[in-house]
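First the structure, in the form of structure tokens, and then the observations on it.
In this chain, residues are counted from 1 in sequence order.
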Amino acid sequence: MNVYHHPSEALLLDYSSGALDEGWSIAIATHLALCPTCRQTVRDMEAIGAAFMEHIKPTPLSDDILSIVSTGLSIEPDQHEITVKSKLTRPSPILPEPLRRYVGGDIDQVTWQRLGLGAYQCLIPTSNDQTTVRLLRIPAGKPVPTHSHGGLELTLVLSGAFSDMTGLYGRGDLQEADETLEHQPYASEDEDCVCLAVTDLPLRFSSLAARMVQPFIGI
């Protein structure tokens, strides 16, 4: 598998430093599971960060630091896993870790919500509302309605492929789109395209019909 479209260095740097919101982090971590080039880039960034940390003068800790840390460790982690089902069955695993932990399994465990015109989505819950994370399934040879973006959208291909004026995106490729891009992605003819999509604001659809159903489907 060859990956041709990668996250920006700014996104990878924010991910390596722990500065990304959970939704963006899911997309980047899933891309890293499929892309050895970006895994190496993140390792290099982490090594540079560690080297800088070695030259920082230590700050004395307060006397009550042990109790503060102990309190933090006693908090139960949030649970984001969901159990879902799907009629789409493909060779496993289609969904790499850490995405499978959020979905509760591989692609055959996904319950799809109908969007119309043969398209489906599955919303993935996270611990905050800064971003919306969803799986999208676009039927082979069909387009997504023409749209621009209110904010940032990361789209990571997990199965199949799609294309627009910026190029062809296959498994592992990540498209980073902002308000400057208006496009109409088309799923490739040979199979449905399954993507992980993360947004921080709703899409801006060009057609009236898409805008009318937008409040009901949450995109």
Side-chain angles (χ1 to χ4, degrees), residues 1-7 11 15 22-39 80-126 131-147 149 152-177 181 183-199 203 217-219:
M1 180 185 69
N2 295 317
V3 178
Y4 300 100
H5 300 277
H6 308 276
L11 274 175
Y15 176 84
E22 183 181 8
W24 308 124
S25 293
I26 294 171
I28 299 302
T30 306
H31 171 78
L32 293 178
L34 299 171
C35 180
T37 300
C38 287
R39 286 200 302 273
H80 309 309
E81 298 172 330
I82 56 175
T83 301
V84 289
K85 300 177 181 178
S86 174
K87 295 181 179 180
L88 181 65
T89 302
R90 295 182 51 80
S92 295
I94 294 298
L95 307 183
E97 291 290 0
L99 184 57
R100 285 203 304 273
R101 292 200 299 272
Y102 280 85
V103 174
D106 199 21
I107 196 72
D108 58 333
Q109 296 297 310
V110 176
T111 292
W112 297 101
Q113 172 194 358
R114 188 184 299 275
L115 295 177
L117 300 178
Y120 297 84
Q121 72 168 352
C122 173
L123 293 172
I124 298 175
T126 61
T131 54
T132 300
V133 184
R134 55 170 54 89
L135 290 174
L136 290 173
R137 177 181 165 192
I138 309 302
K142 300 298 182 182
V144 175
T146 302
H147 63 275
H149 308 83
L152 179 65
E153 180 184 36
L154 299 183
T155 305
L156 173 65
V157 178
L158 301 168
S159 179
F162 76 84
S163 60
D164 63 10
M165 76 280 289
T166 67
L168 174 67
Y169 296 79
R171 178 168 168 81
D173 286 326
L174 185 141
Q175 184 182 64
E176 187 175 339
L181 177 65
H183 62 158
Q184 185 177 34
Y186 272 80
S188 296
E189 294 284 350
D190 52 346
E191 64 177 304
D192 291 357
C193 181
V194 177
C195 299
L196 174 68
V198 183
T199 54
L203 303 183
I217 60 178
I219 294 181

Of all residues at least two apart in sequence or in a different chain, which pass the side-chain contact (heavy atoms from CB on, under 4.5 Å) check with Ala29?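 By the side-chain contact (heavy atoms from CB on, under 4.5 Å) rule, Ala29 matches Tyr15, Pro98.
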For Pro139, give me all partners under side-chain contact (heavy atoms from CB on, under 4.5 Å), at least two apart in sequence or on another chain.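 With neighbours one apart ignored, the set is Ala119, Lys142, Asp192.
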Decide yes or no for [X] and [Y]: does some side-chain heavy atom of the first lie under 4.5 Å from some side-chain heavy atom of the second?
X      : Y      : answer
Leu168 : Ser188 : yes
Cys193 : Leu136 : no
Trp24  : Leu152 : yes

Closest non-hydrogen atom pair between [X] and [Y], with its separation:
X      : Y      : result
Pro185 : Phe162 : CB-CD1, 3.7 Å
His6   : Thr37  : CE1-CB, 4.3 Å
Tyr102 : Pro125 : CD2-O, 3.8 Å
Arg100 : Pro93  : NH1-CB, 3.3 Å
Val144 : Gln184 : O-CG, 2.9 Å

To the nearest 0.5 Å, what is the distance between [atom1] on [X] and [atom2] on [Y]?
X      : Y      : atom1 : atom2 : result
Thr132 : Glu153 : OG1   : CD    : 11.0 Å
Arg137 : Gln113 : CZ    : CD    : 13.5 Å
Arg39  : Leu34  : CZ    : CG    : 8.0 Å
Leu196 : Thr155 : CG    : OG1   : 8.5 Å
Leu99  : Ile94  : CG    : CD1   : 11.5 Å
Leu135 : Ser159 : CG    : OG    : 11.0 Å

Given [X], which partner from the list [options] fulfils the side chain to side chain contact (heavy atoms under 4.5 Å, CB included) test?
X      : options                        : value
Val133 : Thr199, Val198, Leu154         : Val198
Cys35  : Val3, Thr30, Leu174            : Val3
Val194 : Leu156, Ile107, Val157, Ile138 : Ile107

State which residues pass side chain to side chain donor-acceptor pair (under 3.5 Å) with Asp190; sequence neighbours excluded, sorted by chain then number. none
Residues which pass side chain to side chain donor-acceptor pair (under 3.5 Å) with Thr131, listed by chain and number, not counting sequence neighbours: Asp21
Among all residues two or more places apart in sequence or in another chain, which pass the ring-ring contact (aromatic ring centres under 6.0 Å, His included) test with His147? His149, His183, Phe205
Who passes ring-ring contact (aromatic ring centres under 6.0 Å, His included) against His5, sequence neighbours left out? Tyr169
Has the side chain of His31 got a donor or acceptor atom that lies under 3.5 Å from a matching backbone atom of Asp173?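 Between the backbone of Asp173 and the side chain of His31 there is no qualifying donor-acceptor contact (under 3.5 Å).
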Decide yes or no on side-chain contact (heavy atoms from CB on, under 4.5 Å) for Asp164 and Gln175, but give the supporting numbers first. CA-CA 10 Å; Asp164 63 10; Gln175 184 182 64; 2.8 Å; yes
